[in-house]
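Throughout, protein chains are lettered first and strands after them, A, B, ... in sequence-line order, and every chain is numbered starting at 1. All figures in this text were calculated on a predicted structure; none of them were measured in a lab.
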Amino acid sequence: MSNAPAKPATAISPTRQEEFPEWYQQVIKASDMAENSEVRGCMVIKPWGYGIWENIQRQLDRMFKETGHSNAYFPLLIPLSYLAKEAAHVEGFAKECAVVTHHRLEAQKQDDGSVKMVPTGELAEPYVIRPTSETIIGAAFARWVESYRDLPLLINQWANVMRWEMRPRIFLRTAEFLWQEGHTAHETRAEALAETEQMLRVYETFARDHLALPVLTGEKSPRERFPGAESTLCIEAMVQDRKAIQAGTSHFLGQNFSTASGIQFTGRSGAREFAWTTSWGVSTRLIGTLIMAHSDDDGLVLPPRVATQQIVILPVTPKEDSKQAVLDACDALAKELRALQFAGEPLRVQVDRRDLPGGTRNWEWIKKGVPLRIEVGPRDLEKGSVAVSRRDQGLKEKAFVPTAEFVSSAPGLLESIQAGLLARATVFRDAHMVRLTDREEFERFFTPRNADKPEIHGGFAVVDWAGSSEDEDALQKQLGVTIRCLPFGDEWHQPGTCFYTGQPSTRRAVFAKAY
RNA sequence: CGGGGCGUAGCUCAGCUUGGUAGAGCGCUUGCUUUGGGAGCAAGAAGUCGUCAGUUCGAAUCUGGCCGCCCCGACCA
């Protein structure tokens with residue numbers, strides 16, 4: 001018997017039940033995805049995390065191209081005056097802007113001999129580091145559009161943006177984050193509305209089929225709307241503490257920004273008209289959403305389609321004389337697997353040749369959430385088989401499969417894991433999305449039993465709603481909940497009685513606590 | 001911006017009340033032993049104790065200023 005302290009039952013401590021926010025941080029640390037940087041509110045995305053982003057980027061980008069969009073790039077810095085062009089927009093972002101006021105540094109010797117760098121060369125007009133690019137892209141669109149024949153303009157940009165958030169949380173809300181922002185201009189209102197909806201559907205499809213996230217689609221209430229938008233559509237996900245995360249948004253901007261930026265064209269009748277614009281985006285927040293939705297108390301669990309590596313091969317080399325044969329077999333297996341495809345892309349396979357105790361190495365990959373772990377040792381070589389472990393099943397479960405059989409079944413296994421994660425997340429979401437009809441029920445639903453250390457509670461409350469923005473404000477103050485989504489679809493447009501005001505209502509809303 | 005907490009080795013922290021010149025665990029390096037499972041033993045490397053000033057013969061420890069970070073609220077993809 002060992003005197004060493006027993007290893008905890010789970011790789012991650014605390015568990016989700018014990019302390020969800022801390023669990024989230026620990027999963028990120030244990031999987032080596034990212035870390036906080038020396039710059040306040042900013043993160044360093046490490047290879048394992050950035051790989052996920054690259055996969056998201058590549059796969060989404062293909063969907064954007066398939067719907068007719070082209071990529072372009074606009075400046076990081078936006079003239080201060082541009083931001084002021086749209087009243088609601090400037091009000092929405094003014095409180096979180098980083099401003100560039102100087103363009104030069106001067107070294108000044110201090111009395112103690114040290115050197116202090118002092119900004120000089122003040123700019124006539126300060127620049128704002130883009131919190132979003134509607135205004136500067138709007139200015140470009142104004143130059144590019146002359147005739148209805150120039151429309152629609154369908155542009156996307158992959159970029160970083162900066163919002164000086166009060167309370168950063170890695171991946172979910174960082175001061176600088178990576179995203180894509182689509183910006184389009186159209187001849188008619190109907191076309192722009194169709195675009196707004198089309199891109200929401202792209203996001204919904206991507207979330208479901210690539211991230212294994214079931215999302216609600218619908219519209220934001222006026223108080224949750226993007227500053228300057230006429231309407232904001234959203235996909236809303238539920239994560240394992242039953243809170244909501246806005247995973248993507250698509251905005252119908254009407255003619256607000258075209259008027260502000262002067263995006264005008266000569267129409268079919270010869271009259272000068274303002275274009276109808278949209279914008280839509282998803283960010284590195286998707287990674288945070290993934291983590292919170294799928295991971296467990298042993299660490300990250302990645303959907304195969306976006307996993308940095310889908311299969312890791314672990315050579316088991318207990319004896320020196322068989323070591324080389326095992327390593328060669330692993331390389332050969334990796335090569336065979338990489339020649340196969342899953343979801344239209346070559347399999348991503350890594351051989352972990354590091355000379356570490358087997359258990360240590362195995363646990364590392366569990367914590368990194370790699371979908372399939374394959375062990376190959378001398379005994380397997382003799383039998384011509386491999387040991388296969390799935391991240392979505394028990395950690396000790398291991399299937400011994402003839403090598404050739406495993407190779408041909410690998411894409412299918414990944415598909416099964418991908419589908420399993422979506423099914424599991426859907427069951428969870430549905431189990432915690434409940435129909436509520438009166439105020440008391442609603443309050444009970446969103447009130448933890450233990451006020452000092454709130455347990456995981458609540459979820460998505462589906463209610464008949466006819467309230468105002470003020471009513472929504474009051475509910476946020478009282479219970480910390482907001483309307484996450486006014487979902488689309490006939491089943492959400494039933495006549496009823498508002499649970500809050502008692503007035504007749506025509507539609508249902510989803511309330512939840514949110515990230 | 002309000003309310004709490006904290007800055008000591010790569011990480012997590014002890015030491016501070018009662019000043020005497022730096023510790024543990026994990027991690028890292030090396031060797032031996034192990035090896036189908038987050039290994040054992042041994043040796044080793046690694047810290048101007050956030051910063052500036054004060055008190056003192058002497059400060060991680062006492063006093064004051066400053067800086068930074070984390071958590072909880074308001075704001076938010």
Touch class at under 4.0 angstrom, heavy-atom based, for A:Thr249 against every strand present: nothing
Touch class at under 4.0 angstrom, heavy-atom based, for A:Thr289 against every strand present: nothing
Ring center gap for A:Phe511 and A:Trp465 short of 6.0 angstrom: yes
Side-chain touch A:Gln350/A:Thr308, heavy atoms, less than 4.5 angstrom: no
Contacts of A:Ala94 that satisfy side chain to side chain contact (heavy atoms under 4.5 Å, CB included) - sequence neighbours left out: none
Salt bridge (charged side-chain N to carboxylate O under 4.0 Å, His left out) contacts touching residues 11-29 of chain A (sequence neighbours left out): A:Arg16-A:Asp297
Sugar-phosphate, base or nothing in reach of A:Lys367, heavy atoms under 4.0 Å: base
Residue among A:Val349, A:Asn362, A:Ile374, A:Asp352 satisfying side-chain contact (heavy atoms from CB on, under 4.5 Å) with A:Val312: A:Asp352
Watson-Crick or G-U wobble partner of B:U51, both distances under 3.5 Å: B:G65
Ring-base stacking, A:Phe177 with B:A77 (5.5 Å, 30° cut-offs): yes
P spacing across the pair B:G3 / B:A39, given as an integer number of angstrom: 47 Å
Student check: side-chain heavy atoms of A:Leu172 and A:Met292 closer than 4.5 Å: yes
Base-pairing mate for B:A43 - Watson-Crick or G-U, with both contacts under 3.5 Å: B:U29
Polar side-chain atom of A:Asn55 near backbone of A:Ala307 as donor-acceptor pair, under 3.5 Å: yes
Spacing of the P atoms in B:U18 and B:G23 (rounded, Å): 23 Å
Qualifying residues under side chain to side chain contact (heavy atoms under 4.5 Å, CB included), relative to A:Val90, sequence neighbours excluded: none
Donor-acceptor list for residues 319-326 of chain A side chains, cut-off 3.5 Å, not counting sequence neighbours:
residue: A:Ser322; atom: OG; partner: A:Lys319; partner atom: O; Å: 3.4
residue: A:Gln324; atom: NE2; partner: A:Asp328; partner atom: OD1; Å: 3.0

B:A9 to B:A46 separation - P atoms, rounded to the nearest Å: 15 Å
Contact residues, residues 44-53 of chain A to RNA chain B [heavy atom, < 4.0 Å]: none
Chi angles and distances behind the side chain to side chain contact (heavy atoms under 4.5 Å, CB included) call for A:Cys234, A:Glu219: CA-CA 6 Å; A:Cys234 63; A:Glu219 191 176 342; over 6 Å; no
Distance, P atom - from B:G25 to B:C32, rounded to whole angstrom: 24 Å
Distance under 6.0 Å and angle within 45° of ring axis: A:Lys513 vs A:Phe446: no
Euclidean distance for C1', B:G2 against B:G38 (whole angstrom): 44 Å
Centroid-centroid under 6.0 Å between A:Tyr24 and A:Phe171 rings: no
B:G5 versus B:A24 - spacing of their P atoms, nearest Å: 30 Å
A:Glu236/A:Lys220 ion pair, N-O < 4.0 Å: yes
Inter-nucleotide P distance (B:C6, B:C16), Å rounded: 15 Å
Solution key, residues 174-181 of chain A side-chain donor-acceptor pairs under 3.5 Å, sequence neighbours excluded:
residue: A:Thr174; atom: OG1; partner: A:Glu176; partner atom: O; Å: 2.8
residue: A:Glu176; atom: OE2; partner: A:Asn160; partner atom: ND2; Å: 2.9
residue: A:Trp179; atom: NE1; partner: A:Glu181; partner atom: OE2; Å: 3.4
residue: A:Gln180; atom: OE1; partner: A:Tyr203; partner atom: OH; Å: 2.5
residue: A:Gln180; atom: OE1; partner: A:Val282; partner atom: N; Å: 2.8
residue: A:Gln180; atom: NE2; partner: A:Asn156; partner atom: OD1; Å: 2.8
residue: A:Glu181; atom: OE1; partner: A:Ser133; partner atom: N; Å: 2.9
residue: A:Glu181; atom: OE1; partner: A:Ser133; partner atom: OG; Å: 3.4
residue: A:Glu181; atom: OE1; partner: A:His183; partner atom: NE2; Å: 2.8
residue: A:Glu181; atom: OE2; partner: A:Ser133; partner atom: OG; Å: 2.7
residue: A:Glu181; atom: OE2; partner: A:Gln157; partner atom: NE2; Å: 2.9

Sole candidate of A:Arg62, A:Glu195, A:Met199 that passes side-chain contact (heavy atoms from CB on, under 4.5 Å) when paired with A:Thr67: A:Met199
Rounded distance in Å - CD1 (A:Ile12) to P (B:G38): 18 Å
Would you tabulate the nitrogen or oxygen pairs shorter than 3.5 Å linking the protein to nucleotides 8-12 of chain B?
none

Identified pairing partner of B:C1, criterion: Watson-Crick or G-U wobble below 3.5 Å: B:G73
Distance test, side-chain N/O of A:Thr360 to OP1/OP2 of B:A39, below 4.0 Å: yes
Complementary nucleotide of B:G20, counting Watson-Crick and G-U pairs under 3.5 Å: B:C57
Sequence-aligned protein contact record of nucleotides 68-76 of chain B, with B where the base is within under 4.0 Å of a protein heavy atom and S where only the sugar-phosphate is: -S-SSSBBB
Selection residues 363-398 of chain A - residue pairs positive for ring-ring contact (aromatic ring centres under 6.0 Å, His included), sequence neighbours left out: A:Trp48-A:Trp365
Euclidean distance for P, B:U17 against B:U33 (whole angstrom): 49 Å
Contact nearer the 5' end of RNA chain B, comparing A:Gly359 with A:Ile245: A:Gly359
Centroid-centroid distance, A:Trp280 to A:Phe252, less than 6.0 Å: no
Sugar-phosphate or base contact per nucleotide [nucleotides 28-36 of chain B; S, B, -; heavy atom under 4.0 Å]: --------B
Nucleotide B:A39, atom C1' - distance to CD of A:Glu364 in whole Å: 16 Å
With the criterion being N/O to N/O and under 3.5 Å, what pairs connect the protein with nucleotides 24-26 of chain B, and how long is each?
none

Pairs flagged by ring-ring contact (aromatic ring centres under 6.0 Å, His included) wherever residues 212-250 of chain A is involved - sequence neighbours left out: A:His89-A:Phe226, A:Phe93-A:Phe226, A:Phe226-A:His251
